[in-house]
Every structure is written in C-alpha cells, then in structure tokens.
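This report concerns only the one structure given below.
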Amino acid sequence: MKALSRLAAIAAGAGGVLASAGAAWAGLGQPTPWQMDLQDSASPVMADVAGFHFFLLWVIAAISAFVLALLLICIVRFNARANPTPSRTTHNTPIEILWTIVPVIILAAIAVPSFRLLFVQLEVPKPDLTVKVTGKQWFWSYSYPDSGNFEFNSLMVQEKDLKPGQLRLLAVDNEMVVPINKVVHVLVTGADVIHSFTVPSFGIRMDAIPGRINETWFKATIEGVFYGQCSELCGKDHAFMPIAVRVVNEGDFNTWLNNAKQKYAIDNDAAHNALAATAAPAIR
Ligand SMILES: [Cu+2]
C-alpha cells in the first residue's frame with residue numbers, strides 16, 4: 001500500500017511539473033515542448049481546422065469505444081464456458097439494415113463539414129494584400145506585387161548568431177510582415193525544386209512548385225510572430241529554411257512597407273548575387 005501511494009504521489013508530482021512546464025513554455029505560433037495538440041490557431045481557417053480535428057477525434061473515440069464494448073461482451077458472455085450451446089442464427093435483417101445505414105450517416109456527418117472546410121480553404125476571399133512567396137534552396141523570398149517593386153530573402157539565423165529571445169532553427173533575418181485582420185492572398189512558387197510553404201497557426205500549407213503558381217490565403221487575427229517550416233523534402237538544408245510571419249497593426253505595417261520598399265529595392269540585387277555565388281549545387 002505504501003509503495004502504491006508513493007507511486008501515486010510521484011505520478012501526481014510529474015503531472016504537475018508537466019502541466020506547469022507546458023504553461024511556462026507555451027508559445028503562440030511555434031511548437032512547444034511536450035506539445036500534444038495542434039498549435040494554437042491565429043486565423044479563422046485554422047480555428048475551423050482545429051474544430052474539425054477535434055470533432056473527428058470524438059467520432060473516432062466513440063466508434064473505438066463501441067467496438068471495444070462489443071468485443072468485451074462477446075468475450076465475457078459468449079465464450080465456450082459461459083455459453084456452451086451457441087445459437088445457430090445466421091441472419092438478422094433489422095441489424096443488417098442498421099449496420100449499413102448507421103455508417104452511412106456517420107460518413108455523411110463527416111463529409112459535410114469536411115467539404116465546407118475545403119471550400120473555405122480553397123476559395124480566396126477578396127484580398128487586401130498579395131504576397132508572393134518563392135521557395136529556394138534553402139531560403140524563402142518574399143515580394144509584395146501590389147505594394148511596390150521589391151523583393152527580399154529570408155534566411156535562417158545560424159545558431160551562433162542567435163540573439164536573446166530568438167528561436168533556434170526558426171528565427172530568420174528578414175520576416176514576412178503582414179497587417180492584422182486583413183485577407184492576405186499568398187502566391188506560392190518554387191525556383192529550383194518543390195518546397196512547401198507551411199504556417200501551422202494559420203492553417204496553411206501549399207506546395208511551392210517550379211514553373212507553377214499556387215495560391216492560398218489567411219487572415220491573421222492575433223499580433224505576433226508565427227513560425228513554420230518547409231514541408232517538402234527539398235535537399236540537404238530542408239530543415240533549415242524556416243518561415244517567420246510577423247503580424248502587426250496597420251500603422252506599423254505601413255511603416256515597415258515604406259522602409260522595405262527602399263531597403264530591399266536596393267539590397268536585393270547584391271544579396272541575390274552574393275547568394276548565387278555561394279550557392280551549393282542543386283540537389284534534386
Ligand atoms: Cu524546402
């Protein structure tokens with residue numbers, strides 16, 4: 001008994017530590033230690049994705065519990081000892097109709113919200129802003145085609161260069177910046193191989209394919225920095241081309257935009273040439 005109560009105390013203590021650590025480490029728009037669920041949503045689409053995910057989780061759990069209960073009833077009530085002379089029944093029309101119709105109803109109940117979500121993701125509402133994202137080996141380039149003629153590269157901050165507060169493997173030198181509560185139309189393409197532009201908190205993932213422009217959209221409803229990573233194996237530095245999107249209020253965005261127009265219009269060619277000169281041979 002003593003061992004048991006000690007074990008319970010250890011378990012409760014560990015649970016408490018994990019719970020408090022989870023709260024302490026919880027961050028929006030980034031993965032957290034001991035994270036179990038999806039990242040917190042910061043867009044209406046991601047809220048829908050999360051809602052659908054948890055709805056499915058309940059459906060799956062209910063079906064699994066039901067099947068487990070049937071199995072247990074069979075094992076306990078109909079084993080050779082408890083039920084020595086089994087019934088010879090082979091057909092039962094009502095139950096056969098039931099086990100055909102009930103799964104159809106369950107599938108329909110899943111299909112309706114699933115298709116609705118697909119349409120929400122695929123149909124881009126009237127955009128307030130367009131950002132063109134180009135995946136390259138191994139960084140991202142961003143341009144804002146209807147806001148000015150500039151483009152900038154966004155490279156991961158190397159571990160030795162990290163400043164306090166910057167996240168290892170996620171922080172970048174130049175973040176993509178967007179205003180809060182605006183529909184951002186994202187055009188995604190690749191320059192060399194296939195990459196995938198993914199930001200979990202916004203519920204977006206879109207392949208960046210050379211010679212093709214894909215589109216997606218998001219509306220960020222929370223200010224902050226939201227991280228993502230390339231999600232298509234694209235070569236040796238696939239793991240080192242993070243995405244960082246900074247969501248700011250409209251005033252700050254306009255200030256940033258005015259700066260960016262000048263800063264990146266001048267810097268871009270030089271940065272591009274420097275990168276091209278040091279680029280490793282493409283891995284396909
Ligand atoms: Cu990539």
Side-chain angles (χ1 to χ4, degrees), residues 27-32 35 38-39 42-43 45-46 49 121-122 124 129-145 150-162 166-178 184-218 220 224-247 260 264 267-284:
L28 188 64
Q30 63 194 62
T32 49
Q35 180 184 328
L38 306 167
Q39 286 186 26
S43 80
V45 168
M46 187 54 198
V49 170
Q121 290 177 314
L122 290 178
V124 183
L129 176 75
T130 302
V131 181
K132 183 178 165 215
V133 181
T134 310
K136 298 174 181 173
Q137 283 178 318
W138 288 274
F139 58 97
W140 297 94
S141 292
Y142 299 98
S143 64
Y144 291 58
F150 66 94
E151 183 173 34
F152 60 92
N153 297 323
S154 178
L155 282 88
M156 187 185 81
V157 177
Q158 298 298 319
E159 209 166 332
K160 61 177 169 31
D161 303 326
L162 282 175
Q166 281 190 321
L167 294 173
R168 179 179 161 270
L169 300 182
L170 289 177
V172 301
D173 55 356
N174 298 313
E175 292 154 341
M176 167 182 167
V177 180
V178 296
V184 181
H185 185 198
V186 188
L187 303 175
V188 185
T189 188
D192 33 44
V193 298
I194 302 178
H195 303 267
S196 182
F197 184 75
T198 304
V199 185
S201 289
F202 299 153
I204 55 171
R205 164 171 297 176
M206 188 50 69
D207 275 357
I209 300 172
R212 183 191 160 102
I213 291 188
N214 284 337
E215 63 171 8
T216 184
W217 72 280
F218 68 89
V225 187
F226 300 87
Y227 295 96
Q229 288 171 304
C230 178
S231 300
E232 180 68 61
L233 274 175
C234 60
K236 84 171 172 58
D237 283 351
H238 161 67
F240 309 108
M241 50 181 296
I243 295 148
V245 183
R246 183 176 289 275
V247 180
Y264 300 127
D267 279 354
N268 191 41
D269 283 348
H272 201 271
N273 291 341
L275 272 164
T278 56
I283 293 171
R284 281 162 204 269

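It should be emphasised that the depicted structure is a prediction, and the values quoted were computed from it without experimental measurement. All ligand and atom numbering here is 1-based and tracks the order in the structure. By convention here, the first residue in the shown sequence is residue 1. All values below were derived from every heavy atom in this structure, side-chain atoms included, with hydrogens, water molecules and symmetry-related copies excluded.
In this structure, the side chain to side chain donor-acceptor pair (under 3.5 Å) partners of His185, at least two apart in sequence or on a different chain, are Glu215. Scanning for side chain to side chain donor-acceptor pair (under 3.5 Å) contacts around Gln166 gives an empty result, with sequence neighbours left out. The side chain to side chain donor-acceptor pair (under 3.5 Å) test applied to Thr198 returns Arg205, Ser231, not counting sequence neighbours.
Excluding waters, the set of protein N/O/S atoms under 2.8 Å from the Cu ion (ligand 1) reads His195 ND1, Cys230 SG, Cys234 SG, Met241 SD.
Looking only at distances, a side-chain donor or acceptor of Ser154 sits under 3.5 Å from a matching main-chain atom of Asn174.
The aromatic rings of Phe197 and Tyr142 sit perpendicular, their planes meeting at an angle over 60°, well past the 30° parallel limit.
Once rounded to the nearest 0.5 Å, the distance linking OH of Tyr264 with CG of Asn153 reads 10.0 Å.
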